[in-house]
Amino acid sequence: VITVPNTAVPTVSAIRTLGAKPVFVDVRDDDFLMDVEQVVAAITPRTSAIVPVHLYGQCVDLDPLMAVARQHGLKVMEDCAQSQGALYKNHQSGSVGDASSFSFYPTKVLGAYGDGGMVMSNDEAVIRLARSLRFYGMETIYYSERHGYNSRLDEVQAAILSLKLPRIDGWIERRRAIAARYDRALAGSGLVLPHENAHSRHSYYVYVVEHPSDRDGVLERLAKRDINCNVSYRWPIHIMRGNADLGYREGQFPVAERKAQRIFSLPMYPHLKEEEVDNVIDVLKDVI
């Protein structure tokens, strides 16, 4: 299963849990997203699927990826954990591939108060299988058709998500307004700012910038001023000890590895006040 190394561990854990082998390709320099041209070179007779990761709130370029998948008879499972509400050419994130997965972790654009997630597909057979797998492989009460799991969404979390769902468009617009404020104020600051592709609507789950030489120093100085920023992610998957058996080595995916040394996320959530955003900007400029 082809995917990228600059993702959260769960992307790869899901592949490995199935007994499949993750095969990585590097990402593009400007948007952190899967390099579709490298996907073509990675396909072998053993390839069965592709998992594009819509990282940070922006979709992978899906048209050429879907064309490659169809040409080789491969399934595409969109990882939409960070892209709720993002658009690809006016298509909602998660509506183009054969299936898609979403996370409802509390910090997400649409988050519950605990763990949760969702599988989507236009293929009813996929949905039937997902419903069975989440409930011990059962389709009839107390009778298992296949090995499955206990992966049902808790009813309380579902109720919370149902109440929040109608607000998601407004929250995304607020995130985009904060991102635009950062864009204007930090232009020329020495940071590399996020790039929104022409075919996309970025939902800005996170606003990720790059400092080319002193990321950790900037983070330390920000923390001393009570601004704490996250890094998503410090370690590409292929160099983690937990995946050493896959046989990858440092240096194989230079773009993903270089980004991991430079990136950090500025505060981004819809309830940030204007004065808080301005404070982040002023302090960040000062510490740089």
Side-chain angles (χ1 to χ4, degrees), residues 1-44 46-47 49-62 65 68 76-83 86 101 103 105 107-108 191-195 197 202 204-220 228-266 268:
V1 177
I2 297 172
T3 191
V4 292
N6 67 328
T7 183
V9 171
T11 305
V12 174
S13 294
I15 296 168
R16 304 202 70 178
T17 296
L18 291 173
K21 178 183 179 181
V23 172
F24 298 115
V25 297
D26 212 347
V27 295
R28 305 195 307 190
D29 188 69
D30 61 345
D31 60 9
F32 309 97
L33 301 175
M34 175 179 272
D35 187 334
V36 177
E37 292 182 6
Q38 294 195 28
V39 171
V40 177
I43 294 171
T44 75
R46 297 186 65 188
T47 306
I50 306 169
V51 179
V53 180
H54 301 322
L55 201 66
Y56 304 153
Q58 184 164 219
C59 294
V60 171
D61 194 358
L62 288 169
L65 183 67
V68 168
V76 173
M77 176 77 174
E78 297 179 63
D79 183 338
C80 304
Q82 298 189 5
S83 64
S101 61
S103 168
Y105 187 76
T107 62
K108 296 296 196 264
L191 295 172
V192 180
L193 304 181
H195 169 76
N197 293 318
H202 205 311
Y204 290 103
Y205 166 60
V206 282
Y207 185 93
V208 176
V209 299
E210 299 176 58
H211 193 283
S213 60
D214 189 30
R215 186 267 310 278
D216 291 342
V218 170
L219 291 179
E220 287 178 15
N228 295 284
C229 298
N230 192 35
V231 177
S232 301
Y233 303 95
R234 287 182 178 272
W235 301 278
I237 300 288
H238 69 287
I239 63 172
M240 294 182 182
R241 283 190 297 274
N243 292 297
D245 61 304
L246 295 176
Y248 289 102
R249 65 185 186 280
E250 201 164 341
Q252 282 187 265
F253 305 105
V255 178
E257 292 171 29
R258 184 173 67 252
K259 299 289 186 185
Q261 301 296 318
R262 298 180 176 185
I263 57 173
F264 63 100
S265 306
L266 301 188
M268 171 60 76

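These numbers come from a predicted model, not from an experiment.
With contacts defined as side-chain heavy-atom distances shorter than 4.5 Å, the pair V60/V53 does not qualify. Residues I43 and V68 have side chains in contact (heavy-atom distance under 4.5 Å, counting atoms from C-beta outward). Between I50 and P52 the shortest side-chain heavy-atom distance falls below 4.5 Å. Residues Y204 and V206 form no side-chain contact, since every pair of their non-hydrogen atoms from C-beta on lies 4.5 Å or further apart. The side-chain heavy atoms of V218 and F264, taken from C-beta on, include a pair separated by under 4.5 Å. Using a 4.5 Å heavy-atom cutoff, the side chains of P194 and Y207 are in contact. In this structure the side chain of N197 reaches within 4.5 angstrom of the side chain of L33, judged on heavy atoms. Between R234 and R215 the shortest side-chain heavy-atom distance falls below 4.5 Å.
Aromatic ring centroids of Y248 and F253 lie under 6.0 Å apart.
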Let's go through K21 and D245 carefully: what are the C-alpha distance in whole Å and the side-chain angles of both, what is the deciding distance for salt bridge (charged side-chain N to carboxylate O under 4.0 Å, His left out) to 0.1 Å, and is it a yes or a no?
CA-CA 10 Å; K21 178 183 179 181; D245 61 304; over 6 Å; no
Set out, in order, the CA-CA distance, both residues' side-chain angles and the distance that settles side-chain contact (heavy atoms from CB on, under 4.5 Å) for N6 and V27, then state yes or no.
CA-CA 8 Å; N6 67 328; V27 295; 3.2 Å; yes
Carefully, step by step, assess H202 and Q58 under the rule side-chain contact (heavy atoms from CB on, under 4.5 Å).
CA-CA 5 Å; H202 205 311; Q58 184 164 219; 3.5 Å; yes
Step by step, would you call V1 with T47 a side-chain contact (heavy atoms from CB on, under 4.5 Å)?
CA-CA 6 Å; V1 177; T47 306; over 6 Å; no
Test side-chain contact (heavy atoms from CB on, under 4.5 Å) on T3 and F24 and set out the steps.
CA-CA 5 Å; T3 191; F24 298 115; 3.9 Å; yes
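W235 contributes atom CH2, which lies 13.0 Å from atom CD of E250 (distance to the nearest 0.5 angstrom). For the atom pair OG (S101) and CE (M77), the distance works out to 4.0 Å, reported to the nearest 0.5 Å. To the nearest 0.5 Å, atom CG of residue D26 and atom NZ of residue K259 are 10.0 Å apart. To the nearest 0.5 Å, the span separating CG on L55 from OG on S232 amounts to 8.0 Å. Between the CG atom in N228 and the CG atom in L219 there is a gap of 9.5 Å [rounded to 0.5 Å]. For the atom pair CD1 (I15) and CG (D79), the distance works out to 9.0 Å, reported to the nearest 0.5 Å.
Looking at H54 and E78, their side chains do bring a donor and an acceptor atom within 3.5 Å of each other.
Scanning all heavy atoms of the two residues, the minimum distance from Q82 to Y205 falls at O-CB, 3.3 Å. Heavy-atom minimum distance, P5 versus A256: CG-CB, 3.9 Å. Pairing each heavy atom of V12 with each of P22, the nearest pair is CG1-CG, 3.6 Å. V36 approaches D61 most closely through the heavy-atom pair CG2-O, 3.8 Å. Pairing each heavy atom of M34 with each of R28, the nearest pair is O-CG, 4.1 Å. Nearest heavy atom pair, residue V25 against residue I2, reads CG1-CG2, 3.9 Å.
Side-chain N or O atoms of Q252 include one that pairs as donor or acceptor with a backbone N or O of R249 at under 3.5 Å. One N or O on the side chain of T17 and one on the backbone of S13 form a donor-acceptor pair closer than 3.5 Å. Under a 3.5 Å cut-off, the side chain of E257 and the backbone N or O of G251 do form a donor-acceptor pair.
For Y233, the OH atom sits in a packed shell: over 12 heavy atoms of surrounding residues, nucleotides or ligands are nearer than 6.0 Å.
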